[in-house]
Amino acid sequence: MAVTQSTRPASGTRDFLADDIRRREHVIGIVRDVYERYGFEPLETPAFENIETLLGKYGEEGNKLIFKILKRGEHEHTGEADLALRYDLTVPLARVVAQYQNELPRFFKRYQIQPVWRADRPARGRFREFYQCDVDVIGTTAPTVEAEILGAVSDVLLRLGFEDFSVRLNHRLVLSGLLNAAGVWASQQNDALVALDKLDKVGIEGVANEFRARGIDPAATERCLASFHQPESERPEDTLQRLERTLPQDSSVMNLREIVALVGDTPAAGRVRIDLSLARGLSYYTGAIMEVSVAQLAGSLGGGGRYDGLVGMFLGRDIPACGFSFGLERIIVVMTERSMIPDAVARAGIDVLVTIWNHETRDEALRLARELRRSGLRVDVYPEADRLAKQFKYASARNAPFVAILGDDERARGEVGLKDLRSGEQASVRRSELGATIRSRLQQTDGGR
RNA sequence: GUGGGUGUAGCUCAGGGGUAGAGCGCCGGACUGUGGCUCCGGAAGUCGCGGGUUCGAAACCCGUCACCCACCCCA
């Protein structure tokens, strides 16, 4: 045998076979439909960007995870990079907004469903190439935007069949307000947030240890833990009242209050919890931040927030913006485990296989296939005049619900043998009515396509 | 990046110093007008890779790589 190489796709990437693609497109179709109902318009941007476009937008950790593309030609050996694969869909959007500022409507609502790349270590529900489904609204600081986005996101999950998701909401300025009030120095606030983000995993004690390890003042630590500690299922109203006592007249607390109130009139009603330990790693967030999760998955299904300064990094003049991003693979991981994607979605390949009776009647089979295709069916023709048993076996393997047989007897009567592989029933049908017969039988069982 | 686990047929895995195995899948046949069920037959593996110990290594030791799980970080 010849020398073989690994045929596995590169680590953290996947091949998608037909069944996978149909499953993914089923989910993407619902996401797109819901986003469009909320008035978002599609956008696509290139897989790679000039490297300066991406660097410095995601924080230190993010910079390291950007896939960089070496300069081509004689510069290759220097290791210098001038391009990079996009790391998310938000920064390319900010670039597009800056580039086309005069052509876009006053409020620009766009959705974007495309792959992004991260030089991360792969894990469950985490890939190096994965799809994000983003929605963003550019051009206003109004809290109706946060409410509509959370509404759209919840609508997507409900339409997909999720009953048990929860929305966690927080605010970058509330976080820094609380840390300031507790007396944590500005230079230590990032460290403090990283530690607080683990609150739900390591508990109060764990966070206190982290604070100590990072050299944060013990008195400040105590005040911090007091204001960040929350009962498991604290209602938003109670969290807000607590925040108002610690940070009276604070505009970011008022902003959260408005968002919580407005969300009550969207499909996200009743699912929002203010989670003070939610920090979110990306450095471009400036206001409200949010995540959506289900208990079953360690990470989140998606996250987002307000980033009023990002467009300004391209334009020199700030334009407010807020958005949310779903991880398609994470949704699919959970939906697959819970069998939430109907089997019929994955299996729906062809409607009918036309068999070849013998070498002399191949043309007859091709003509029949053409007739059936004209009637709107998805038709495969068996390529060789094999034994019928093999042709049937192939039809089964392809999950074809019907097999058409152009036998001598049938042909003599102007009919075609039609076998329903699902029930095993076989009938002889007038050739002119074959397409209509198959379509009506499919409709009965599938509710149409 | 840190810790742990696992690498044996296309897939899932058994075998723990003495002849390379099972189930599923695949191919052929029983069944020259019919898939699934059944039965019969067959193909397919330098046991991840390199070195060491041994008369003898898939097995034991060292190294290395890959994958999985947890942590970190994230969608």
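To find a chain, count down the sequence lines: A is the first, B the second, and so on, and within it residues start at 1. Side chains included, hydrogens not; waters and symmetry mates left out as well; all remaining heavy atoms used. Predicted, not measured: the structure shown is a model, and the values here were computed from it.
- The separation between A/Leu17 atom CG and B/C11 atom C1' is 14 Å, rounded to whole Å.
- Here A/Glu49 does not pair with A/Arg86 in a salt bridge; the nearest charged N to carboxylate O distance is not below 4.0 Å.
- Atom pair A/Met290:CE and B/A75:C1' shows a separation of 14 Å (rounding to whole Å applied).
- Using a 4.0 Å heavy-atom cutoff across all strands shown, A/Phe130 reaches at least one base atom of the nucleic acid.
- As rounded to whole Å, 11 Å separates atom P of B/C74 from atom CG of A/Leu193.
- In this structure, A/Glu364 pairs ionically with A/Arg367, as a charged nitrogen and a carboxylate oxygen lie closer than 4.0 Å.
- The CZ-P distance, from A/Arg168 to B/A75, rounds to 12 Å in whole Å.
- Across the P atoms, B/A22 and B/G42 are found 12 Å apart, a figure rounded to whole Å.
- Between the CZ atom of A/Arg330 and the P atom of B/C74 there is a distance of 11 Å, given to the nearest Å.
- Within a 6.0 Å sphere centred on NZ of A/Lys393, heavy atoms belonging to other residues, nucleotides or ligands number 12 at most.
- Residue-environment remark: CD (A/Glu41) stays at or below the threshold of 12 foreign heavy atoms within 6.0 Å.
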Sugar-phosphate means primed atoms, P, OP1 and OP2; the rest is base. With that split, encode nucleotides 35-41 of chain B 5' to 3' as B, S or - using protein heavy atoms under 4.0 Å. BB-----
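- For the atom pair CG of A/Leu43 and CG of A/Asp134, the computed distance is 10.0 Å after rounding to the nearest 0.5 Å.
- Interface remark: the A/Arg121 side chain does not form any donor-acceptor pair with the B/C71 base, using a distance-only criterion of under 3.5 Å.
- In terms of polar N and O atoms assigned as donor or acceptor, the side chain of A/Gln391 never comes within less than 3.5 Å of the base of B/G33 in a complementary pairing.
- Taking the C1' atoms as reference points, B/C37 lies 24 Å from B/A43, given to the whole Å.
- The aromatic ring centres of A/Phe40 and A/Tyr111 sit 6.0 Å or more apart.
- Separation of the C1' atoms belonging to B/A66 and B/C47 is 16 Å when rounded to the nearest angstrom.
- Of the residues near RNA chain B, A/Gln132 and A/Ala123, the one whose nearest nucleotide (by heavy atom distance) lies more toward the 5' end is A/Ala123.
- Residue contacts shown for A/Ile405 include a base, since a base heavy atom lies under 4.0 Å away.
- For A/Phe324, the ring-ring contact (aromatic ring centres under 6.0 Å, His included) partners at least two apart in sequence or on another chain are A/Phe326.
- Among the atoms of the strands shown, none is found under 4.0 Å from any heavy atom of A/Glu129.
- In this structure, the separation between CG on A/Leu65 and CG on A/Asp120 is 5.0 Å, given to the nearest 0.5 Å.
- Taking a pair as Watson-Crick or G-U wobble with both distances under 3.5 Å, the runs of three or more consecutive pairs in RNA chain B are B:1-7 with B:65-71, B:10-13 with B:21-24, B:26-30 with B:38-42, B:48-52 with B:60-64.
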Please walk me through it: do A/Gln112 and A/Thr45 pass side-chain hydrogen bond (donor to acceptor under 3.5 Å, both in side chains)? CA-CA 9 Å; A/Gln112 186 171 358; A/Thr45 64; 3.1 Å; yes
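- Straight-line distance from the CG atom of A/Asn209 to the C1' atom of B/C71: 16 Å, rounded to whole Å.
- Taking for each of A/Asp120 and A/Ser11 the nucleotide of RNA chain B with the nearest heavy atom, the 5'-most of the two is the partner of A/Ser11.
- Classified by its glycosidic torsion, B/G16 falls in the syn category, the angle being within 90° of 0.
- Separation of the P atoms belonging to B/G56 and B/G18 is 15 Å when rounded to the nearest angstrom.
- Taking atom C1' in both B/G50 and B/C39, the straight-line distance is 47 Å, to the nearest Å.
- Comparing the same atom, C1', in B/C74 and in B/G16 gives a spacing of 41 Å after rounding to whole Å.
- For the atom pair A/Ser283 OG and A/Asn63 CG, the distance stands at 8.5 Å (nearest 0.5 Å).
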Would you check, one step at a time, whether the test side-chain hydrogen bond (donor to acceptor under 3.5 Å, both in side chains) holds for A/Asn358 with A/Thr361? CA-CA 6 Å; A/Asn358 58 37; A/Thr361 58; 3.2 Å; yes
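- Annotation: B/G17 and B/U64 have their C1' atoms spaced 24 Å apart (nearest Å).
- Distance, A/Asn63 CG to B/C74 C1': 15 Å, rounded to whole Å.
- If you check every strand for non-hydrogen atoms under 4.0 Å, A/Asp88 touches nothing.
- In this structure, A/Arg441 fails the cation-pi test against A/Phe402, since its NZ or CZ atom is not both closer than 6.0 Å to the six-membered ring centre and inside 45 degrees of the ring normal.
- The residue A/Arg280 sits close only to the backbone: its heavy atoms come under 4.0 Å of sugar-phosphate atoms, none of a base.
- Note on A/Glu329: nothing from the nucleic acid sits closer than 4.0 angstrom, heavy atoms only.
- Counting any heavy atom pair closer than 4.0 Å across all strands shown, A/Gly62 reaches no nucleic acid atom.
- Atom CD1 in A/Ile66 sits roughly 14 Å away from atom P in B/C74 (whole-Å rounding).
- Rounded to whole Å, the separation between the P atoms of B/G48 and B/G7 comes to 9 Å.
- Residue A/Thr355 is out of contact with every strand shown, counting any heavy-atom pair closer than 4.0 Å.
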